[in-house]
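Hydrogens, waters and symmetry mates play no part in the numbers below; they use all other heavy atoms, side chains included. In this chain, residues are counted from 1 in sequence order.
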Amino acid sequence: MKIKVQTAEEDSIAGIVSLMHDFAAYENLSDYCDITERKLRDVMFGPSRFVKGFVAHDGARMIGYALLYPSFASFRGQRGYFLEDLFIDADYRGRGIGEQFLREIAKAANADAVKRIDFLVLEWNEPAIRFYDALGAVHAEAERHFKFVDEAFDRLAE
């Protein structure tokens, strides 16, 4: 059967959340996966929506998803998308579906006058690093990812 990558619709939410839990398990981050269908629906389809999604299906089975949101590269003055997640079920990896996702994302970005896609990859995820390298992604060794979450965020927000 032919795999189809398309823009996520509201009825994709349950399948995306299920795959998000699989992705969290793959990255050994299940303890931090608090996503719910309601939370995802709000950011993708609610009044303050800002997250775009793409899904891949093999027939009726959802086998992958990608989530992205707007970003801005200040020094270059470029609008971008930050690719938060790109996940494909283990049974379907190595079949060109990741590249299909990225091509659909790039086409959508281009249509929105967006000229870059940024993302993070965990250091140990060599298959993903090789995949992105093969497609010509630029890897910024000098950058470190920081974040304020949980108590650190709450202290700042007081």
Intermediate values then yes/no, side-chain contact (heavy atoms from CB on, under 4.5 Å), L40 and I16: CA-CA 9 Å; L40 188 59; I16 294 171; 3.5 Å; yes

Distance from [X] atom [atom1] to [Y] atom [atom2], nearest 0.5 Å?
X	Y	atom1	atom2	answer
S71	R116	OG	CZ	7.0 Å
F153	K147	CZ	NZ	14.0 Å
L68	L83	CG	CG	6.0 Å
R41	E10	CZ	CD	5.0 Å
D91	I63	CG	CD1	9.5 Å
D118	F72	CG	CZ	12.0 Å

Is [X] linked to [Y] within one hydrophobic cluster, defined over Ile, Leu, Val, Met, Phe, Trp and Tyr using a side-chain heavy-atom separation of less than 4.5 Å?
X	Y	value
F45	I35	yes
F54	V17	no
L120	L122	yes
V138	I117	no

Candidate pair H57 and I3, rule side-chain contact (heavy atoms from CB on, under 4.5 Å), full reasoning: CA-CA 6 Å; H57 286 93; I3 305 301; over 6 Å; no

Using the side chain to side chain donor-acceptor pair (under 3.5 Å) criterion, which residues pair with D22? Sequence neighbours excluded.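 D22: no side chain to side chain donor-acceptor pair (under 3.5 Å) contacts found.
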
Which residues share a side chain to side chain donor-acceptor pair (under 3.5 Å) with H145, sequence neighbours left out: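 With neighbours one apart ignored, the set is empty.
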
Taking atom [atom1] as the centre, does [X] end up with more than 12 heavy-atom neighbours from other residues, nucleotides or ligands that are less than 6.0 angstrom away?
X	atom1	value
E126	CD	yes
Y26	OH	yes
R61	CZ	yes

For the residue pair [X] and [Y], establish whether any side-chain heavy-atom pair is separated by less than 4.5 Å.
X	Y	answer
S12	M62	yes
T7	V55	no
I88	F101	yes
K4	D58	no
L67	V43	no
D133	I129	yes

Heavy atoms only: give me the nearest [X]-[Y] pair and the separation to one decimal.
X	Y	answer
R93	F87	NH2-CE1, 3.1 Å
Y65	M20	OH-CG, 3.2 Å
F23	L86	CZ-O, 4.1 Å
E37	I13	O-CG2, 3.6 Å
R144	E123	NH1-OE2, 4.3 Å
L102	L135	CD1-CD1, 3.6 Å

Looking at R103 and E99, does any basic side-chain N land under 4.0 Å from a carboxylate oxygen?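 So R103 pairs with E99 through a salt bridge.
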
Does the ring center of F119 lie less than 6.0 Å from the ring center of Y132?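 They qualify: ring centres under 6.0 Å apart.
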
Just to verify, what does R95 make a salt bridge (charged side-chain N to carboxylate O under 4.0 Å, His left out) with, not counting sequence neighbours?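 For R95, no residue satisfies salt bridge (charged side-chain N to carboxylate O under 4.0 Å, His left out) once neighbours in sequence are set aside.
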
Under the side-chain contact (heavy atoms from CB on, under 4.5 Å) test, which residues partner S48, sequence neighbours left out?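 side-chain contact (heavy atoms from CB on, under 4.5 Å) list for S48, sorted by chain: empty.
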
Mind checking ring-ring contact (aromatic ring centres under 6.0 Å, His included) for F82 and listing every partner two or more places apart, or none if nothing turns up?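 If we apply the ring-ring contact (aromatic ring centres under 6.0 Å, His included) test to F82, skipping adjacent residues, the hits are Y69.
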
List the steps and the verdict of side-chain contact (heavy atoms from CB on, under 4.5 Å) for D34 and K39. CA-CA 9 Å; D34 297 327; K39 286 179 183 179; 3.9 Å; yes

Side-chain atoms of residues 105-113: list all donor-acceptor pairs with protein atoms under 3.5 Å, sequence neighbours left out, distances to 0.1 Å.
{"from": "N110", "atom 1": "OD1", "to": "K115", "atom 2": "NZ", "distance (Å)": "2.4"}
{"from": "D112", "atom 1": "OD2", "to": "K52", "atom 2": "NZ", "distance (Å)": "3.0"}
{"from": "D112", "atom 1": "OD2", "to": "Y81", "atom 2": "OH", "distance (Å)": "2.4"}

